[in-house]
Number of protein chains: 2
Amino acid sequence: MNYTIKQVSEKTHLKPHVLRYYEREGLLPFVDRSESGIRRYSEEDLEWLSLICCLKNTGMAIKQIREFVELSLQGKETLKERCSMLIVHKKEVENQIAGLQKYLCKVDHKITYFTDQYEKYLDEKCEIGAVSHGSD
Amino acid sequence: MNYTIKQVSEKTHLKPHVLRYYEREGLLPFVDRSESGIRRYSEEDLEWLSLICCLKNTGMAIKQIREFVELSLQGKETLKERCSMLIVHKKEVENQIAGLQKYLCKVDHKITYFTDQYEKYLDEKCEIGAVSHGSD
DNA sequence: TCTTGACTTAAAGTTAACGTTAAGGTTTAC
DNA sequence: GTAAACCTTAACGTTAACTTTAAGTCAAGA
């Protein structure tokens, strides 16, 4: 089964020009073409795209994804190297998550603090309102 | 206690030109100056910077941080609005974390897959080696 | 006194990752 | 068969977040 660029665009939520851009940047080489030069994506291409998105959305730069793809094209001799790359990246993602969780705590504390402040503020307004009403 | 731009740079790991840039962009207004125009950061400025870094490192754009800062400058009437902003942002951070965790699983699966493939590859090489050794 | 080095500003440059436009060829629906 | 909706490439534009450069001020040490 083959897919047009539009179909792939809908599946991956990447716009057609982004798919072309990725191809141009060496992230997805050897996409098949029809006689008239129109891209025909295979299931394998879709799987590649899925991994590419995974790496990209976890912060890997396109440059480095290209390096990974180039290694893949060189065959099984690069399996170990690719594995190392992924292990390093995994640690980076874990660090990202840990960092975000720490910041999440901080945001949470701020929310609590602001909520308290807001209640105090409402109380103050209420008191002033009561006093000014009493002094009528 | 006051700090020079260099001291703040060391404390926050933000380079001096970045601190000036943030100030110019309205993220840290009203930093005190010496008679000759040199910045003197207060403890309060440092606390502000800490929150700014928290928001920035969790993906909030500088533009939006500026909006948050501008609201803060308007006083207690904006407490509710600021609180809402943080609650929305909190959800975004939670989504980020959830997304990353999903991707982390995928990376992990790939690592497992590659490790397996690598072992198979070594076995193959070993077999070929053994055969060619046997046929010597 | 002079020069070294940290500070100041304004403005231009850089980078990544797209996004847009122009100019044209192809396919499909009516 | 023709118009709309696709597809193609090349090249230039945009945005965010810095980063660098140029040109100048100021205080301290040899």
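Residue numbers begin at 1 in each chain, while the letters A, B, ... track the order of the sequences.
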Q: Could you check whether the rings of A:Trp48 and A:Phe68 sit parallel, tilted or perpendicular, using 30° and 60° as the cut-offs?
A: perpendicular
**Q.** Option from B:Lys76, B:Lys80, B:Arg82 for which side-chain hydrogen bond (donor to acceptor under 3.5 Å, both in side chains) with B:Thr78 holds
**A.** B:Arg82
Q: Could you state the atom-to-atom distance from NZ of A:Lys15 to P of C:dT20 in whole Å?
A: 7 Å
Q: Please check if any side-chain donor atom of A:Lys106 sits under 3.5 Å from a side-chain acceptor atom of B:Ser50, or the reverse.
A: yes
Q) Are a donor atom and an acceptor atom from the side chains of B:Tyr103 and A:Asn57 found within less than 3.5 Å of each other? A) yes
Q. What nucleotide, of D:dA17, D:dA16, C:dC18, holds the atom closest to the side chain of B:Lys63?
A. D:dA16
Q: Using whole Å, report how far CD of A:Gln64 lies from C1' of C:dA17.
A: 16 Å
Q. Do any side-chain nitrogens or oxygens of A:Lys6 fall under 4.0 Å of OP1 or OP2 in D:dC6?
A. yes
Q) CZ of A:Arg20 versus P of C:dT21: gap in Å, rounded? A) 15 Å
**Q.** Sorted by number, the residues of residues 29-52 of chain B with heavy-atom contact under 4.0 Å to DNA chain C
**A.** B:Arg33, B:Gly37, B:Ile38, B:Arg39
Q) Quick one: SG on A:Cys105 to NZ on A:Lys110, what's the gap to the nearest 0.5 Å? A) 14.5 Å
Q: Measure the distance from OH on A:Tyr22 to C1' on C:dA16 and round it to the nearest whole Å.
A: 11 Å
Q: Looking only at side-chain atoms of B:Ile5, point me to the closest of C:dC7, D:dC7, D:dA17.
A: C:dC7
Q) Between A:Leu14 and B:Pro16, which has a closest nucleotide on DNA chain C that is more 5'? A) B:Pro16
(Q) Could you tell me how far apart A:Gln7 (CD) and D:dC7 (P) are, to the nearest whole angstrom? (A) 9 Å
Q. Short question: side chain of B:Thr115, backbone of B:Ile111 - any donor-acceptor pair under 3.5 Å?
A. yes
Q: Check the distance between C:dC18's C1' and A:His13's NE2 and give it to me in whole angstrom.
A: 18 Å
Q. What's the OH-P distance between A:Tyr21 and D:dC12, to the nearest Å?
A. 17 Å
Q | Rounded interatomic separation in angstrom, taking NE2 from B:His17 and P from C:dA11 | A | 18 Å
Q. Quick one: are B:Tyr3 and B:Ser42 in side-chain contact, heavy atoms under 4.5 Å?
A. no
